[in-house]
Peer 1: 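Pasting in a structure now, in structure tokens, and then I'll have a few things to ask.
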Amino acid sequence: MTPDTPTAAASAGRGRRIVATFAVTQTVGYGTLYYAFAVVLRSRRACETRRPSLRWTW
């Protein structure tokens, strides 16, 4: 057994953890952005139906 073996294994484990973290945060970010548009558009439509004068102000 060489002295570099535990260090290489620890480095590979750390790299996998970083990649997994990035994958999770990327998925959550895209999901949040996807559903945020639906929420904003729904609230905007509700506002327009209540007060038609606000239709083109924002």
Side-chain angles (χ1 to χ4, degrees):
M1 200 175 220
T2 63
D4 293 332
T5 304
T7 306
S11 179
R14 183 170 184 233
R16 287 184 178 152
R17 198 172 338 144
I18 290 171
V19 170
T21 302
F22 283 153
V24 169
T25 56
Q26 190 74 24
T27 303
V28 169
Y30 278 128
T32 302
L33 184 64
Y34 180 79
Y35 285 109
F37 280 112
V39 170
V40 168
L41 291 176
R42 176 178 272 177
S43 65
R44 183 171 174 174
R45 179 170 290 195
C47 181
E48 288 175 356
T49 57
R50 281 182 276 150
R51 295 186 62 191
S53 62
L54 294 176
R55 181 165 290 170
W56 300 108
T57 58
W58 52 285

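The figures that follow rest on heavy atoms only: side chains count, while hydrogens, waters and symmetry mates do not.
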Peer 1: Could I get the full list of side-chain hydrogen bond (donor to acceptor under 3.5 Å, both in side chains) partners for Y35, not counting sequence neighbours?
Peer 2: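 Partners of Y35 by the side-chain hydrogen bond (donor to acceptor under 3.5 Å, both in side chains) criterion come out as none, since no residue qualifies.
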Peer 1: What residues form a side chain to side chain contact (heavy atoms under 4.5 Å, CB included) with V24, not counting sequence neighbours?
Peer 2: V28
Peer 1: May I ask you to list the residues sharing a hydrophobic cluster with F37, side-chain cutoff 4.5 Å, ordered by chain and number?
Peer 2: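 Traced through the cluster, F37 reaches L33.
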Peer 1: Considering only Ile, Leu, Val, Met, Phe, Trp and Tyr, and joining two whenever side-chain heavy atoms are under 4.5 Å apart, list the other residues clustered with I18.
Peer 2: F22
Peer 1: Could you name each residue pair satisfying side-chain hydrogen bond (donor to acceptor under 3.5 Å, both in side chains) that touches residues 16-27, not counting sequence neighbours?
Peer 2: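 Checked against side-chain hydrogen bond (donor to acceptor under 3.5 Å, both in side chains) - neighbours excluded - the pairs reaching residues 16-27 are Q26-Y30.
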